[in-house]
K.L.:
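For reference, the structure I am asking about is given below.
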Amino acid sequence: MTRVGVGIDVHPFASDGRPLMLCGTVVPGEVGLDGHSDGDVALHAIADALLGAAALGDLGERFGTDRPEHAGADSKSFLADVNTAISAMGFDVVNVDVTIVAQRPQLAPHRRDMRLSIARVLKIAEDQVSVKFTTTDQLGSIGRGEGIAAWAACGLDEVGITSGPFSDFG
């Protein structure tokens with residue numbers, strides 16, 4: 001069985017001097033995002049996509065702002081926890097595709113580090129991870145540089161499934 005999930009997250013820029021974390025990677029010299037955890041919108045969107053594909057609820061249910069133990073948490077720990085949960089259900093991550101929407105800063109120089117970071121946490125190959133960037137052409141709050149958003153999609157397959165449902169009839 002193949003499953004597909006989608007996720008989205010949006011955070012405003014913080015005023016507390018925290019570093020910008022995207023895809024589990026520090027973007028040097030940039031202002032971070034406000035949030036209960038480290039504000040990594042990309043990892044949050046990916047975790048939500050994986051949870052959705054596995055029908056395990058959403059990020060807020062697992063790591064909500066009502067849980068003080070997650071204050072300031074590294075979002076890689078959230079993604080690792082979600083990966084463990086979907087593995088326990090008998091699923092492997094097939095691929096992850098995330099689009100980061102930001103008017104600023106310039107993120108393309110960090111793409112490879114971001115892909116590798118996601119791949120390491122999910123224990124998959126780099127070529128199973130796509131990280132893309134776009135702007136809103138200065139439209140809306142993102143376009144005014146007030147924050148960053150991320151959309152993610154993922155595919156899951158049952159563990160050990162390597163061919164289609166009719167392969168035995170070939």
Side-chain angles (χ1 to χ4, degrees), residues 5-89 91 93 95-107 109-124 126 128-134 136 140-142 144-154 156:
V6 296
I8 181 174
D9 197 31
V10 181
H11 285 280
F13 285 106
S15 58
D16 62 4
R18 68 175 69 190
L20 179 58
M21 295 294 297
L22 290 170
C23 301
T25 303
V26 175
V27 179
E30 298 295 338
V31 175
L33 298 170
D34 196 17
H36 185 61
S37 65
D38 60 10
D40 190 328
V41 293
L43 291 188
H44 295 175
I46 293 167
D48 247 356
L50 293 168
L51 288 167
L56 289 174
D58 63 39
L59 200 64
E61 289 179 83
R62 292 181 87 85
F63 309 106
T65 58
D66 60 333
R67 298 188 179 168
E69 66 271 22
H70 299 304
D74 182 340
S75 294
K76 287 186 285 188
S77 68
F78 298 166
L79 189 58
D81 178 81
V82 168
N83 196 43
T84 299
I86 63 173
S87 292
M89 288 183 65
F91 290 105
V93 177
N95 73 306
V96 170
D97 181 16
V98 63
T99 301
I100 299 171
V101 185
Q103 200 64 42
R104 64 176 175 89
Q106 179 62 258
L107 297 171
H110 307 285
R111 184 185 328 265
R112 177 108 199 278
D113 290 339
M114 291 177 178
R115 289 179 70 202
L116 287 169
S117 175
I118 294 165
R120 282 186 196 115
V121 174
L122 294 177
K123 301 175 184 171
I124 59 177
E126 180 185 0
Q128 292 174 269
V129 178
S130 174
V131 176
K132 304 180 311 269
F133 310 106
T134 192
T136 61
S141 60
I142 302 292
R144 288 189 299 272
E146 296 173 13
I148 296 177
W151 280 260
C154 70
L156 301 180

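Note that the structure is predicted; figures quoted are calculated from it, not measured. All heavy atoms count here, side chains included; hydrogens, waters and symmetry mates do not.
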K.L.:
Quick check: are there more than 12 heavy atoms from other residues, nucleotides or ligands sitting under 6.0 Å from NZ of Lys132?
P.N.:
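Enclosed.
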K.L.:
Where the side chain of Asn83 meets the backbone of Leu122, is there a donor-acceptor pair that is under 3.5 Å apart?
P.N.:
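Yes, Asn83 side chain to Leu122 backbone: donor-acceptor pair under 3.5 Å.
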K.L.:
If you measure from CD1 on Ile100 to OG1 on Thr134, what distance do you get to the nearest 0.5 Å?
P.N.:
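One gets 11.5 Å once the value is rounded to the nearest 0.5 Å.
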K.L.:
Ignoring hydrogens, what is the shortest heavy-atom contact between Ile148 and Ala102? Give both atom names and the distance.
P.N.:
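Between these two residues, the closest heavy atoms are CG1-CB, 3.8 Å.
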K.L.:
When rounded to the nearest 0.5 angstrom, what is the spacing between CZ in Arg104 and CD1 in Ile142?
P.N.:
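Rounded to the nearest 0.5 Å, the CZ-CD1 separation comes out at 10.5 Å.
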K.L.:
To the nearest 0.5 Å, what is the distance between SG on Cys154 and CD1 on Ile86?
P.N.:
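Reported value, rounded in 0.5 Å steps: 7.0 Å.
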K.L.:
Can Arg18 and Asp38 be counted as an ion pair, charged N to O under 4.0 angstrom?
P.N.:
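No, Arg18 and Asp38 are not salt-bridged.
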K.L.:
Are the side chain of Ser117 and the backbone of Asp113 linked by a donor-acceptor contact shorter than 3.5 Å?
P.N.:
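No: the side chain of Ser117 does not pair with the backbone of Asp113.
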K.L.:
How close do Asp34 and His11 get, heavy atom to heavy atom, and via which atoms?
P.N.:
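Where Asp34 meets His11 most closely, the heavy atoms are O-ND1, 2.7 Å.
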K.L.:
Would you find a donor on one side and an acceptor on the other, under 3.5 Å apart, between the side chain of Asp48 and the backbone of Leu59?
P.N.:
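Checked: pair present.
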K.L.:
Which heavy-atom pair separates Ala54 from Met89 by the least distance, and what is that distance?
P.N.:
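Scanning both residues, the minimum pair turns out to be O-CE, 3.4 Å.
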K.L.:
Test your reading of the model: is there a side-chain donor-acceptor pair from Asp40 to the backbone of Gly24, 3.5 Å cut-off?
P.N.:
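It does hold such a pair.
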K.L.:
With distance as the sole test, does Arg111 use its side chain to make a donor-acceptor pair with the main-chain N or O of Val131 at under 3.5 Å?
P.N.:
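Looks like yes, one N/O pair under 3.5 Å.
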K.L.:
Look up atom NE2 in His44 and atom OG in Ser37, then write down how far apart they are to the nearest 0.5 Å.
P.N.:
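These two atoms lie 3.0 Å from each other.
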K.L.:
Just verifying a value: how many Å separate Arg112 CZ and Glu126 CD, rounded to the nearest 0.5 Å?
P.N.:
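With rounding to 0.5 Å, CZ (Arg112) is 4.0 Å from CD (Glu126).
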K.L.:
Of the non-hydrogen atoms in Ser75 and Leu43, which two are nearest, and what is the gap between them?
P.N.:
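In terms of heavy atoms, the two residues are closest at C-CD1, 3.8 Å.
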K.L.:
What's the separation between atom OG1 in Thr25 and atom CG in Leu20, rounded to the nearest 0.5 Å?
P.N.:
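Between atom OG1 of Thr25 and atom CG of Leu20 there are 10.0 Å.
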K.L.:
Quick one: closest heavy-atom pair of Val98 and Ala150, and the distance?
P.N.:
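Heavy atoms only, the tightest pair is CG2-CB, 4.3 Å.
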